[in-house]
Amino acid sequence: MTTTVPLIYSFPEFEGVADAVADHVISAQNLTLYNTLDKAIVQKLRNSPLSTVLTEMVSSSSILLHSRSNSASSKADTLNNSTLGGPGTPASGRRVPKLKKKSEVRFKIALSGGSLIKILHQGLLSRESEIDWGKWDIYFADERLVPFDSPDSNYGSAKREIFDLIQSEVKPRVYHIDELLIDDPQECADSYEKILIDNFAKKDSVKLPMFDLLLLGCAPDGHIALLFPNHGEQLREKLAWCMPVLKAPMGPENRITLSIPVICHAHRVTFVVEGLTKAPIMRIIMERPEKGLPSSIVNEGAAGRVTWFVDDDALKDCYDSTKKKYKFLSIDEPII
Ligand SMILES: O=C(O)[C@H](O)[C@@H](O)[C@H](O)[C@H](O)COP(=O)(O)O
């Protein structure tokens with residue numbers, strides 16, 4: 001197994017997790033769009049007409065923007081204040097050369113369903129002044145094939161609990177499944193995959209889409225997105241980006257999910273897990289990675305880019321020695 005272990009932020013109570021997850025999401029947004037975690041610089045870049053140019057200058061000259069760095073190096077990778085010496089004036093004092101307009105930098109995030117939607121509702125909506133909704137592309141890591149007005153629809157829940165409540169006039173672009181295809185799981189998965197191909201691989205051929213942030217939960221049975229333990233074929237899928245899931249063990253039978261290679265390819269993969277019902281599965285994930293639960297596969301496959309937000313209840317069954325083995329951080333540490 002890999003020696004790189006995930007970062008784990010743990011909380012005595014679940015209160016506070018929503019804020020911490022919101023910090024994490026906003027930090028990922030800022031690193032993606034502005035290459036910095038410094039709020040003052042972000043503000044300056046957001047208000048500056050040169051923000052696009054500066055961001056692109058940094059992203060084209062610095063491989064650090066999308067580097068798969070750990071928290072320490074991410075922090076160090078921030079855009080230096082001196083880059084902002086004045087409009088059009090980089091640190092060298094020379095004017096910023098006119099750059100050809102490159103395609104706009106966007107923050108590409110994928111969400112799961114379940115309690116995560118409520119956590120984002122609670123954490124993000126009160127922080128809209130820090131969020132550039134207009135630069136967000138929101139996708140779904142999984143979806144249940146039900147009408148959008150069903151309480152089981154992940155898009156429907158996110159729409160009602162987040163998207164419809166956004167105050168800002170500029171809205172995110174939201175990419176959901178085609179509701180007309182909910183009776184045909186394969187067709188629905190293919191059509192969602194086509195959306196991903198159009199958005200991630202239009203100009204350059206890419207092997208896999210690369211999300212800036214993938215937010216996942218983990219169910220008591222160990223499924224993440226809609227990848228279930230012991231569904232070997234699904235877990236071994238190498239080519240498909242998006243797959244149909246038939247006969248899910250509970251809830252709506254037909255669903256679609258992103259595949260393991262897509263999840264592991266993201267810049268950041270973040271799990272949010274809470275509650276006593278998750279304690280037994282968390283113990284297996286943390287203490288028996290060799291069992292190959294879907295989240296253990298991701299801990300390994302995306303090593304160095306995986307973060308967990310958990311409460312003490314969810315970790316109740318883990319031994320103290322296990323907790324020491326992983327990188328547990330207090331919330332004062334940088335959340336990215
Ligand atoms: O649609 C789904 O079933 C999900 O997206 C799923 O992967 C979810 O994240 C877990 O079941 C955890 O859900 P909870 O956080 O609600 O326990």
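Start at 1 and go down the list; that is how both ligands and their atoms are numbered. Computed from a prediction, not measured in an experiment: that's the story for all the values here.
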*Electrostatic pair K108-D212, nearest N-O below 4.0 angstrom*: yes
*Can you tell me if L226 has a non-hydrogen atom under 4.0 Å from ligand 1?*
yes
*Between D19, D23, V17, which is the residue that forms a side chain to side chain contact (heavy atoms under 4.5 Å, CB included) with V21?*
V17
*Could you say whether the N/O atoms of G113 and ligand 1 ever approach to under 3.5 Å?*
yes
*Backbone N/O of S10 and side chain of W308: donor-acceptor pair under 3.5 Å*: no
*Please say whether more than 12 non-hydrogen atoms of neighbouring residues, nucleotides or ligands are located less than 6.0 Å from NZ in K118.*
no
*What distance do M243 atom CE and Q234 atom CD have between them, rounded to the nearest 0.5 Å?*
4.5 Å
_Protein contact to atom 7 (O) of ligand 1 [nearest heavy atom, distance to 0.1 Å]_ = A225 O, 2.6 Å
*Distance filter under 4.0 Å to C218 heavy atoms, resulting ligand 1 atoms*: 12 (C)
*Give a yes/no on ligand 1: does N154 have at least one heavy atom closer than 4.0 angstrom to it?*
yes
*asked:* Tell me the closest heavy-atom pair linking S112 and I117, and the distance in Å.
replied: O-CD1, 3.5 Å
*Is it true that a side-chain atom of Q186 and a backbone atom of P244 form a donor plus acceptor pair closer than 3.5 Å?*
no
*Output yes when a side-chain donor or acceptor of R144 lies under 3.5 Å from a complementary backbone atom of N154, and no otherwise.*
no
_Please list the nearest protein heavy atom to atom 13 (O) of ligand 1 with its residue and the distance rounded to 0.1 Å._
G114 CA, 4.1 Å
*Which protein non-hydrogen atom lies closest to atom 17 (O) of ligand 1, naming both residue and atom, and how far is it?*
K278 NZ, 2.7 Å
*Contacting atoms of ligand 1, where contact means under 4.0 angstrom from a heavy atom of R255*: 3 (O)
_Heavy-atom proximity to atom 15 (O) of ligand 1, best of P252, S115, G217_ = S115
_Contact atoms of ligand 1, heavy-atom distance to S112 under 4.0 Å_ = 5 (O), 9 (O)
*Could you tell me the residue and atom name of the protein heavy atom closest to atom 5 (O) of ligand 1, and the distance to it rounded to 0.1 Å?*
D142 OD2, 2.6 Å
*Could you list the atoms of ligand 1 found under 4.0 angstrom from a heavy atom of R144?*
1 (O), 2 (C), 3 (O)
*asked:* For atom 11 (O) of ligand 1, what's the nearest protein heavy-atom neighbour? Residue, atom name and distance, please.
replied: H223 NE2, 3.2 Å
*Got a donor-acceptor contact below 3.5 angstrom from the S150 side chain to the V146 backbone?*
no
